[in-house]
Structure formats: structure tokens, C-alpha cells
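Sequence positions, counted from 1, serve as the residue numbers for this chain. Computed from a prediction, not measured in an experiment: that's the story for all the values here.
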Amino acid sequence: MVLEAVTLHIRSGQSGEFEAAFNQAQPIIASMEGYISHDLQRCVEVKDQYLLLVRWRTIEDHTVGFRAHPDFAEWKRLLHHFYDPAPVIQHYEQVAGSGV
């Protein structure tokens with residue numbers, strides 16, 4: 001399993017609209033080949049900041065399968081205009097913890 005971790009900085013004052021759009025976008029990512037689960041967390045200390053965690057079977061399920069899928073355009077249309085600056089996406093493999 002690969003964990004995609006993305007810190008999202010939302011344009012000031014648009015968090016409510018972002019959360020509504022994310023609720024619409026969730027079925028898109030959840031329908032992708034290799035998708036396992038996801039969590040969207042709102043930062044307690046920093047207003048308009050979120051952490052998106054997506055678990056994929058392989059990194060290619062995200063970087064190739066999801067990004068090349070025709071439905072990715074709708075994902076982008078719903079969400080990408082909220083980000084400022086553009087998010088940095090990183091992928092992780094678990095090496096310790098209760099899930100190993």
C-alpha cells in the first residue's frame with residue numbers, strides 16, 4: 001500500500017465551499033482502480049489548511065491510473081481552483097506502526 005499525503009492551502013474564506021466541492025468529488029476518487037481509502041482533515045492551528053491522505057494499492061494507481069482517467073478532469077474542475085499555492089503531493093510506504 002502507498003499513502004498519498006497532500007497539504008492543501010485553500011484560498012482565504014473559501015473553506016466551506018471547498019468542503020462542499022470535496023463532498024461532490026469523493027465518489028470520483030473512490031471509484032478509481034487501486035483506491036483503498038481516503039481522509040480529509042482540517043488543520044486546527046492553521047485556518048484554511050487541510051491534509052488529504054489517500055491510500056492506494058500502488059503508486060501507479062495514483063500517478064498513472066487516476067491522473068490519466070477521464071474523470072480526473074471533473075476532479076480538477078471541482079477542486080483545483082481552491083488551492084493557493086498548488087499542493088505538493090508526496091507518497092509514503094509504511095515501515096512501522098500498528099498496520100505493519
Side-chain angles (χ1 to χ4, degrees):
M1 184 207 63
V2 171
L3 177 66
E4 170 195 359
V6 188
T7 301
L8 303 170
H9 300 274
I10 305 305
R11 295 180 189 282
S12 181
Q14 295 186 0
S15 287
E17 292 90 348
F18 167 71
E19 289 180 20
F22 191 86
N23 282 334
Q24 285 184 273
Q26 288 184 97
I28 296 170
I29 199 166
S31 71
M32 293 295 128
E33 177 83 23
Y35 165 88
I36 298 171
S37 67
H38 72 277
D39 298 294
L40 180 66
Q41 305 284 327
R42 183 185 316 116
C43 185
V44 174
E45 293 88 6
V46 181
K47 184 178 178 171
D48 299 320
Q49 182 174 301
Y50 293 79
L51 178 63
L52 174 61
L53 302 171
V54 185
R55 289 156 199 86
W56 298 97
R57 187 185 59 212
T58 68
I59 192 170
E60 293 80 15
D61 287 328
H62 174 232
T63 60
V64 178
F66 178 47
R67 290 181 183 169
H69 195 281
D71 290 346
F72 184 66
E74 179 65 4
W75 172 270
K76 285 177 63 173
R77 185 191 72 76
L78 287 167
L79 300 174
H80 285 209
H81 63 281
F82 288 107
Y83 308 146
D84 186 26
V88 174
I89 301 168
Q90 297 179 304
H91 298 92
Y92 296 86
E93 296 177 316
Q94 189 171 14
V95 295
S98 61
V100 176

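Ile89 and Leu79 fall within a single hydrophobic cluster, where Ile, Leu, Val, Met, Phe, Trp and Tyr are joined by side-chain heavy atoms under 4.5 Å apart, directly or via other members. Phe66 and Leu53 end up in different hydrophobic clusters when Ile, Leu, Val, Met, Phe, Trp and Tyr side chains are linked at under 4.5 Å. Clustering ILVMFWY residues whenever any of their side-chain heavy atoms sit less than 4.5 angstrom apart, transitively, puts Tyr35 in the very cluster that holds Val6. Note on Ile28 and Val64: separate hydrophobic clusters, where clusters join Ile, Leu, Val, Met, Phe, Trp and Tyr whose side-chain heavy atoms are under 4.5 Å apart, directly or indirectly.
In this structure, the side chains of Tyr83 and His9 stay at 4.5 Å or more apart for every pair of heavy atoms. In this structure, Val54 and Ile29 have side chains that are in contact, with non-hydrogen atoms separated by less than 4.5 Å. Side chains of Asp71 and Trp75 form no contact here, defined as non-hydrogen atoms less than 4.5 Å apart. Considering only heavy atoms from C-beta on, Leu3 stays 4.5 Å or farther from Gln90 through its side chain. At least one side-chain heavy atom of Phe22 sits under 4.5 Å from a side-chain heavy atom of Leu52.
Rounding to the nearest 0.5 Å gives a distance of 4.5 Å between CZ of Arg11 and CG of Asp84. Between the CZ atom of Arg55 and the CD atom of Gln94 there is a distance of 9.5 Å, given to the nearest 0.5 Å. Note: Gln24 CD to Glu74 CD = 8.0 Å, rounded to the nearest 0.5 Å.
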For this session: Dump the intermediate steps for side chain to side chain contact (heavy atoms under 4.5 Å, CB included) on Gln49 and Leu8, then the final yes or no.
Result: CA-CA 6 Å; Gln49 182 174 301; Leu8 303 170; over 6 Å; no
Problem set entry | side chain to side chain contact (heavy atoms under 4.5 Å, CB included) between Met1 and Trp56, worked out | CA-CA 6 Å; Met1 184 207 63; Trp56 298 97; over 6 Å; no
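The stretch residues 40-53 participates, sequence neighbours left out, in these salt bridge (Lys or Arg N to Asp or Glu O under 4.0 Å) pairs: Glu19-Arg42. Applying the salt bridge (Lys or Arg N to Asp or Glu O under 4.0 Å) rule to pairs touching residues 25-38 yields Glu33-Arg57, sequence neighbours excluded.
With sequence neighbours excluded, the residues that form a side chain to side chain contact (heavy atoms under 4.5 Å, CB included) with Ile59 are Val2, Thr63, His91. Looking at residues two or more places apart in sequence or on another chain, you find no side-chain hydrogen bond (donor to acceptor under 3.5 Å, both in side chains) involving Gln14. Partners of Tyr92 under the ring-ring contact (aromatic ring centres under 6.0 Å, His included) rule, at least two apart in sequence or in another chain, do not exist in this structure. Under the ring-ring contact (aromatic ring centres under 6.0 Å, His included) criterion, Tyr50 pairs with Phe18, not counting sequence neighbours.
Pairing each heavy atom of Gln26 with each of His38, the nearest pair is OE1-NE2, 2.8 Å.
Using a distance-only test at 3.5 Å, with no hydrogens or angles considered, a donor-acceptor pair links the side chain of Asp61 to the main chain of Thr58.
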